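No experiment lies behind these values; they were computed from the predicted model shown. Sequential numbering from 1 along the given sequence is applied to the chain's residues. Below, each value reflects all heavy atoms present in this structure, side chains not excepted, and no hydrogens, waters or symmetry copies. In each ligand, atom 1 is the first atom listed, and ligand 1 is the first ligand listed.
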Amino acid sequence: MIIRAAIVGYGNLGKSVEKLIRAQPDMDLVGIFSRRSELDTDTPVFPSAAAADHAQDIDVLFLCLGSATDIPEQAAGYARHFTTVDTYDNHQLIPDHYARMDAAAREGRHVAMISTGWDPGLFSLNRTLAAALFPDAQQNTFWGKGLSQGHSDAVRRVPGVRRGVQYTIPNEDAIVEAKAGRGAEISATSAHVRECYVVADEADHADIREAITTMPDYFAPYDTTVHFISDEVFERDHQGMPHGGHVVTSGDLGGSRSSVEFVLELGSNPDFTAASQVAYGRAAARLTAEGKTGAFTVLEVAPYLLSPVALEELIRRDV
Ligand SMILES: NC(=O)C1=CN([C@@H]2O[C@H](COP(=O)(O)OP(=O)(O)OC[C@H]3O[C@@H](n4cnc5c(N)ncnc54)[C@H](OP(=O)(O)O)[C@@H]3O)[C@@H](O)[C@H]2O)C=CC1
Ligand SMILES: N[C@@H](C[C@H]1CC(C(=O)O)=NO1)C(=O)O
C-alpha cells in the first residue's frame with residue numbers, strides 16, 4: 001500500500017515531516033498546503049484554504065500546525081475531509097481535542113490520529129505501560145534541557161513578539177531523587193523552570209512579559225523568565241532545537257523493588273517529532289483502510305501498525 005501523504009503548515013515540524021516522508025518506502029508526498037504561496041521546497045505547494053479540493057488525492061494529511069491556537073481553530077475542519085495526524089500537546093485540553101476531532105472524523109468517515117510525537121506520544125505510551133506494571137507506581141516525567149516547540153509557538157503568538165523560543169530546564173537533583181524512588185513529592189511544575197528569549201520592541205516588553213508569565217497551562221504554573229534580546233543575538237544563539245527527557249517509574253512488586261526509565265536524547269526536536277508523527281500516519285492510513293473512523297490516541301494503536309515491516313517479520317525479529 002503506497003500512502004499518498006500531504007502536509008499542512010511548513011514550519012519547523014512541517015519541514016521535518018517532509019524530510020521524513022521522503023525517507024519512507026511506502027509513502028508519496030503529494031503536496032504542502034500553506035498560507036504562503038512561495039516556499040523553499042521542490043514539493044508542490046497549494047493554498048491551505050483550498051485543501052478540501054485535493055481530498056481525493058490524499059490518504060493522510062499531516063497537520064504541522066501550532067497547538068496554542070492553530071490546532072484548536074483549524075484541525076477539525078481538516079478532519080472532516082481527510083484522515084489526519086496531529087501533534088497537539090496542550091495536555092490539559094487533549095480530552096476536549098479528542099472529542100472535537102472524533103466528531104469531525106466520524107462525520108467525514110475518516111480517522112483522526114491525535115497528539116502524536118514524544119510528549120504527548122512516546123512518553124504517553126511509556127507512562128501507561130510502566131504504570132500498569134506496578135500496583136502502586138511512582139512516576140515522574142522530566143523534560144530538557146531543551147527547546148519546547150509548543151511553548152515556543154505559544155510565545156510567538158503573543159502580540160508584539162517578532163521572534164521567540166522557550167527552553168525547559170529540569171532540576172537535576174529532582175531527577176536523581178525520582179530515579180531513587182523518592183519522587184512522590186516532585187511535580188512537573190516544581191521540577192522545571194522555563195526560560196523564554198524574545199525579540200520585540202521595547203515599548204511592548206512589559207505587556208509581553210505579563211502575557212507570557214500568566215499564560216494558563218503553558219507558563220502560569222511554572223517559574224518562568226522572559227529575556228528580551230536583539231535579532232543579532234537571536235540569530236547567533238537560538239537556532240538549534242535539541243531536546244529530550246525522562247519518564248521514571250518505580251514501585252514495589254510484592255517485596256522487590258523495580259524501576260523503569262524511558263530516556264530520549266533528541267538532536268532535533270522537530271525531526272524526532274516528525275519521525276513519530278509519520279509512523280502514526282502509516283497507522284492512520286491502515287486503520288482507515290480497515291474501515292475505522294473517529295479519533296485515536298497513541299494508546300489505542302497496536303505498535304505493529306507503525307512499522308513498514310510485515311507483522312510476521314516483526315514477530316520473528318522483535319518479539
Ligand atoms: N507532541 C509532541 O511531542 C510535540 C508537538 N509539537 C507541536 O508542533 C507544533 C508546531 O511546532 P513548529 O513547527 O515548531 O511551529 P511553527 O510555528 O514553526 O509552524 C507552525 C506552522 O503553522 C502554520 N500556520 C497555520 N496557521 C497559522 C497561523 N494563524 N499563524 C501562524 N502559523 C500558522 C504555518 O505554516 P504556513 O505559514 O506554511 O501556513 C506555520 O509555519 C507546536 O506548536 C507543538 O505543539 C512539537 C514538538 C513535539
Ligand atoms: N510537546 C513538547 C514536547 C515535550 C517538551 C516539553 C517541555 O519542554 O515542556 N513538553 O513536552 C514540544 O512541543 O516540544
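Checked for salt-bridge contact, Glu290 and Arg286 miss the test: no charged N lies under 4.0 Å from a carboxylate O. With respect to Asp119 and Arg127, a salt bridge is recorded, a charged nitrogen being found less than 4.0 Å from a carboxylate O. Using a 4.0 Å cut-off between charged side-chain N and carboxylate O, Asp102 and Arg106 make a salt bridge.
Within 6.0 Å of CZ in Arg109 there are 12 or fewer heavy atoms belonging to other residues, nucleotides or ligands. Annotation for Gln56: atom CD does not count as buried by contact number, only 12 or fewer foreign heavy atoms lying within 6.0 Å. Within 6.0 Å of CD on Gln239 lie more than 12 heavy atoms contributed by other residues, nucleotides or ligands. Atom CG of Asp318 sits in a crowded spot, with more than 12 heavy atoms from other residues, nucleotides or ligands closer than 6.0 Å.
Taking only nitrogen or oxygen atoms, main chain and side chain alike, Tyr10 reaches within less than 3.5 Å of ligand 1. The N/O atoms of Asn12, backbone and side chain alike, include one that comes under 3.5 Å of an N/O atom in ligand 1. Remark: ligand 1 and Arg36 share an N or O pair separated by less than 3.5 Å (distance only, no angle test).
Looking at Leu13, Leu147, Leu264, Leu65 and measuring to atom 23 (C) of ligand 1, the nearest heavy atom belongs to Leu65. Within the set Asn90, Leu39, Asp70, Asp119, the minimum heavy-atom distance to atom 27 (C) of ligand 1 is found for Asp70. Between Arg35, Met241, His151, it is Arg35 that holds the heavy atom closest to atom 34 (C) of ligand 1.
Atom NE2 of His192 is separated from atom CG of Asp223 by 12.5 Å, given to the nearest 0.5 angstrom. The CG atom of Asp40 lies 6.5 Å from the OH atom of Tyr10; values are rounded to the nearest 0.5 Å.
A centroid separation of 6.0 Å or more is found between the aromatic rings of Phe82 and His110.
Ligand 1 places these atoms under 4.0 Å from at least one heavy atom of Gly150: 42 (C), 43 (O), 44 (C), 45 (O). The atoms of ligand 1 that sit less than 4.0 Å from any heavy atom of Gly66 are 43 (O). Proximity to Ser67 (heavy-atom distance under 4.0 Å) selects the following atoms of ligand 1: 43 (O), 44 (C), 45 (O). Near Gln74, with a cut-off below 4.0 Å to any heavy atom, the atoms of ligand 1 are 25 (C), 26 (N). Near Asn269, meaning under 4.0 Å from one of its heavy atoms, ligand 1 places the atoms 47 (C), 48 (C). When each atom of ligand 1 is checked for a heavy atom of Asp153 under 4.0 Å away, the hits are 43 (O). Numbered from 1 in the order shown, with element, the atoms of ligand 1 that lie under 4.0 Å from a heavy atom of Gly117 read 1 (N), 2 (C), 3 (O). Against a heavy-atom cut-off of under 4.0 Å, Cys64 is close to the following atoms of ligand 1: 20 (C), 21 (C), 22 (O).
Taking a 4.0 Å cut-off on heavy atoms, Thr116 registers as neighbouring ligand 1. Taking 4.0 Å as the cut-off, Pro270 does not count as a neighbour of ligand 1 on heavy-atom distance.
Using a 4.5 Å heavy-atom threshold, the side chains of Gln149 and Pro270 count as touching.
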His238 and Tyr167: side-chain hydrogen bond (donor to acceptor under 3.5 Å, both in side chains), yes or no, with the steps?
-> CA-CA 10 Å; His238 301 282; Tyr167 300 97; 2.7 Å; yes
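Residue Ile169 shares its hydrophobic cluster (ILVMFWY side chains chained together at separations under 4.5 Å) with Val193.
Ser256 contributes no side-chain N or O that, together with a main-chain N or O of Asp252, makes up a donor-acceptor pair within less than 3.5 Å.
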Per-pair distances, ligand 2 N/O vs protein N/O, less than 3.5 Å:
{"residue": "ligand 2", "atom": "1 (N)", "partner": "Asp89", "partner atom": "OD2", "Å": "2.7"}
{"residue": "ligand 2", "atom": "1 (N)", "partner": "Asp119", "partner atom": "O", "Å": "2.9"}
{"residue": "ligand 2", "atom": "8 (O)", "partner": "Thr168", "partner atom": "OG1", "Å": "2.5"}
{"residue": "ligand 2", "atom": "8 (O)", "partner": "His243", "partner atom": "NE2", "Å": "2.8"}
{"residue": "ligand 2", "atom": "9 (O)", "partner": "Arg194", "partner atom": "NH1", "Å": "3.0"}
{"residue": "ligand 2", "atom": "9 (O)", "partner": "Arg194", "partner atom": "NH2", "Å": "2.9"}
{"residue": "ligand 2", "atom": "11 (O)", "partner": "Asp119", "partner atom": "O", "Å": "3.1"}
{"residue": "ligand 2", "atom": "13 (O)", "partner": "Asp89", "partner atom": "OD2", "Å": "3.0"}
{"residue": "ligand 2", "atom": "13 (O)", "partner": "Gln149", "partner atom": "N", "Å": "3.4"}
{"residue": "ligand 2", "atom": "13 (O)", "partner": "Gly150", "partner atom": "N", "Å": "2.7"}
{"residue": "ligand 2", "atom": "14 (O)", "partner": "Gln149", "partner atom": "N", "Å": "3.0"}
{"residue": "ligand 2", "atom": "14 (O)", "partner": "Asn269", "partner atom": "ND2", "Å": "2.8"}

